[in-house]
Amino acid sequence: MSAPTHQAASAGPRVSPRARDAKRFIVGIAAIAALGGALFGYDTGVISGALPFMEDHFGLTSLGEGVITSALLIGAAFGSLIGGRMSDALGRRNSLLWAGAVFIGGAMAVAVSPGVPVMTAARFVLGLAVGSASVITPLYLSEIAPPHIRGRLVSFNSLMIVSGQLLAYLINAVLARWEAWRWMLGLAALPAVALFVGLFFLPDTPRWYISKGRRDEAARVLGRTLPAEDVPAELARIDQARELEAGARRGAWQQLRTPWVRRLLLIGIGLAAVQQITGVNAVVYFAPKILASTGLGTGAAITATIAVGAVSVLATAIGMALIDRVGRRPLLITGLAGMTVALALLGASFHLPHSAAVSALVLGLMVLYMAFMQATLNTGVWLLLAEMFPLKVRGLAMGAAVFVMWVVNFAVALVFPVLLDAIGAGATFWFFGAMCVLSLIFCKRYAPETKGLALEDLEHELRKAAGAEAVGVAVAAVDSTD
């Protein structure tokens with residue numbers, strides 16, 4: 001048998017060295033920048049394993065648990081407000097550098113905190129980094145990625161958030177046997193150092209360079225991600241987009257006086273509240289405490305929480321695959337219906353006698369609830385908030401909705417342990433089930449469908465729909481007076 005020829009061995013499409021370099025550059029950017037998402041997930045998830053030991057160490061009351069848990073979240077609310085402005089002034093990369101430094105300092109301060117006041121303050125500061133990263137990381141990725149992979153690269157950040165939570169649960173389970181809660185919290189400094197150091201090797205985004213008049217640097221970055229012949233057209237496109245957005249920002253506040261725009265803003269804020277009031281982060285932050293209330297030991301409860309993180313990662317990936325096929329509204333409605341059933345059964349399970357079987361049942365129902373939540377509501381709400389607002393108010397409206405999301409998250413984390421003690425786990429989860437029913441009614445009535453529409457066409461359709469509804473309301477009001 002003759003040896004294969006060179007032509008046969010090299011059959012198939014050939015990839016140029018320039019294309020290979022561009023792919024490596026983009027993969028490197030994604031790997032480093034998405035560490036911001038992983039840190040977001042780790043720092044929100046790690047408290048679930050540390051809290052049972054902190055409760056004994058500091059003698060925490062239920063309110064104290066809520067305060068320490070929610071301090072990070074109120075910091076994140078303010079961090080999300082300053083993140084966008086800071087990234088415009090300092091640059092996307094430099095702002096992530098700042099967030100990385102705060103991640104490092106915050107993780108170390110939390111790990112060595114001598115008491116509740118210092119711990120609370122340190123978690124608030126850490127929250128500033130979490131909130132900033134939640135805004136800056138997807139912004140950096142969306143602006144530096146080539147158009148044909150932008151959606152996948154930005155969605156990768158969402159996957160990294162739940163992956164960071166899963167990593168936190170795994171580390172919690174390993175360290176729980178030594179009750180090493182300070183190490184659980186402090187280990188967040190390691191990926192933060194990787195983020196901080198890695199960013200020194202990355203450029204800023206072409207859009208930011210152009211906004212500062214640094215056109216040559218923008219062209220160099222584009223030259224590393226696009227074919228050389230496409231760079232001039234992309235530079236022109238960025239110039240045109242920035243001019244449109246500059247005009248849009250000048251008219252943002254005036255646009256909010258328009259009834260249909262105000263209505264969309266209120267719907268967006270409602271969707272942001274729905275994502276949190278249905279109880280997802282009560283499970284993320286307090287899963288071991290919930291499982292321990294069924295009679296499961298602390299170490300076993302922390303280990304069992306790994307299942308919650310693993311299902312969250314898998315369900316998020318499934319949601320990303322379904323969202324463009326099924327549509328936003330059907331996904332939200334289906335998910336909320338499934339969450340309602342899971343929470344109703346979860347509440348009922350706490351009225352059964354404590355046993356290993358009941359603990360397994362509670363864990364299974366929590367996992368079922370998280371699967372519905374992460375695959376539908378979590379994926380759908382973030383996408384709707386990014387799509388549903390008209391250009392002239394997009395930044396302002398998105399910022400307002402995300403701020404409300406963090407504030408409601410803060411309220412749930414603060415109140416949940418108090419509710420557990422006051423009315424019990426069963427009634428608490430039935431309360432969240434009732435919130436799911438109200439959220440289902442809200443989404444069925446108000447959530448827009450944005451599938452398959454360009455943003456410009458979507459703005460036209462939403463304007464028409466809001467106008468038609470306003471006419472219907474006016475007619476109903478006239479009829480009621482006759």
Side-chain angles (χ1 to χ4, degrees), residues 22 25-37 39-40 79-103 128-157 160 195-226 228 230-250 252 386 389 391-399 402 455:
F25 178 62
I26 294 165
V27 168
I29 287 171
I32 293 170
L35 282 171
L39 282 163
F40 175 171
S80 68
L81 285 181
I82 67 174
R85 290 184 178 274
M86 182 172 61
S87 69
D88 284 341
L90 303 180
R92 290 31 168 160
R93 189 200 73 148
N94 288 339
S95 297
L96 276 177
L97 274 171
W98 176 88
V102 177
F103 271 125
L128 294 175
V130 170
S132 297
S134 73
V135 173
I136 301 167
T137 301
L139 181 64
Y140 181 88
L141 290 172
S142 67
E143 289 188 359
I144 207 164
H148 65 285
I149 61 167
R150 184 172 293 131
R152 278 177 287 164
L153 212 58
V154 176
S155 296
F156 178 64
N157 182 60
M160 287 297 287
L195 172 67
F196 186 78
V197 173
L199 283 166
F200 281 102
F201 298 94
L202 300 185
D204 215 307
T205 70
R207 174 172 289 211
W208 186 78
Y209 281 136
I210 287 178
S211 74
K212 301 301 178 183
R214 297 158 66 174
R215 196 176 182 85
D216 290 344
E217 289 169 274
R220 279 198 295 272
V221 176
L222 288 172
R224 299 187 68 180
T225 62
L226 295 173
D230 292 345
V231 170
E234 185 67 10
L235 284 170
R237 189 195 64 77
I238 293 173
D239 276 332
Q240 183 180 19
R242 283 198 56 80
E243 289 173 8
L244 288 172
E245 288 172 8
R249 282 195 294 270
R250 285 194 292 270
F389 300 119
L391 175 63
K392 287 194 174 184
V393 298
R394 191 167 296 151
L396 183 63
M398 180 79 171
V402 172
L455 293 180

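Please read all numbers here as calculations on a predicted model, not as lab measurements. Index from 1, following the sequence. In what follows, every heavy atom counts, from backbone to side chain, and hydrogens, waters and symmetry copies are set aside.
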Quiz item: Can you check side chain to side chain contact (heavy atoms under 4.5 Å, CB included) on L97 and F200, steps first, answer last?
Solution: CA-CA 8 Å; L97 274 171; F200 281 102; 3.8 Å; yes
Quiz item: Does the side chain to side chain contact (heavy atoms under 4.5 Å, CB included) test come out yes or no for T205 and V221, once each step is laid out?
Solution: CA-CA 7 Å; T205 70; V221 176; over 6 Å; no
Quiz prompt | Heavy-atom closest contact (L199 atom, I32 atom, distance) | solution = N-CG2, 3.9 Å
Quiz item: Would you find more than 12 non-hydrogen atoms of other residues, nucleotides or ligands less than 6.0 Å from R85 atom CZ?
Solution: no
Quiz item: Is a side-chain N or O of R93 found less than 3.5 angstrom from the main chain of L202, in a donor-acceptor match?
Solution: yes
Exercise. Considering non-hydrogen atoms only, spot the tightest contact between A219 and L235 and give its length.
Key: CB-CD1, 4.0 Å
Quiz prompt | Where S134 and F40 come nearest, the two heavy atoms and their spacing | solution = CB-CE1, 3.5 Å
Exercise. Side-chain contact test, heavy atoms from C-beta onward, threshold under 4.5 Å: evaluate it for M86 versus I136 and give yes or no.
Key: yes
Quiz prompt | From CZ (F196) to CG (L96), nearest 0.5 Å | solution = 11.5 Å
Quiz prompt | Atom pair CZ (F103) and CH2 (W98), whose distance is rounded to the nearest 0.5 Å | solution = 9.5 Å
Practice problem: In sequence, state the C-alpha distance, the side-chain angles, and the governing distance for Y140 and I29, and then conclude on side chain to side chain contact (heavy atoms under 4.5 Å, CB included). | Solution: CA-CA 9 Å; Y140 181 88; I29 287 171; 3.7 Å; yes
Quiz item: Looking only at heavy atoms, what is the nearest atom pair of A218 and P206, with distance?
Solution: CB-O, 3.6 Å
Quiz item: Are the side chain of Y209 and the backbone of D204 linked by a donor-acceptor contact shorter than 3.5 Å?
Solution: yes
Practice problem: Just do the salt bridge (Lys or Arg N to Asp or Glu O under 4.0 Å) check on D230 and R237 with the steps written out, would you? | Solution: CA-CA 11 Å; D230 292 345; R237 189 195 64 77; over 6 Å; no
Quiz item: Taking atom CZ of R207 and atom CD1 of I144, what is their separation to the nearest 0.5 Å?
Solution: 13.0 Å
Exercise. Determine, step by step, whether V135 and S87 satisfy the side chain to side chain contact (heavy atoms under 4.5 Å, CB included) criterion, reporting the C-alpha distance in whole Å, the side-chain angles of both residues, the deciding distance to 0.1 Å, and the verdict.
Key: CA-CA 9 Å; V135 173; S87 69; 5.9 Å; no
Practice problem: Verify, without hydrogens or angle tests, whether T225 (side chain) and L222 (backbone) share a donor-acceptor contact under 3.5 angstrom. | Solution: yes
Practice problem: Mind listing the closest non-hydrogen atom pair of G399 and L81 along with its distance? | Solution: O-CD2, 4.5 Å
Exercise. Using atom types as modelled and distance alone, determine if a side-chain donor or acceptor of S132 lies under 3.5 Å from a backbone N or O of A129.
Key: no
Quiz item: So, for P138 and N157, which heavy atoms are closest and what is the spacing to 0.1 Å?
Solution: CD-ND2, 3.8 Å
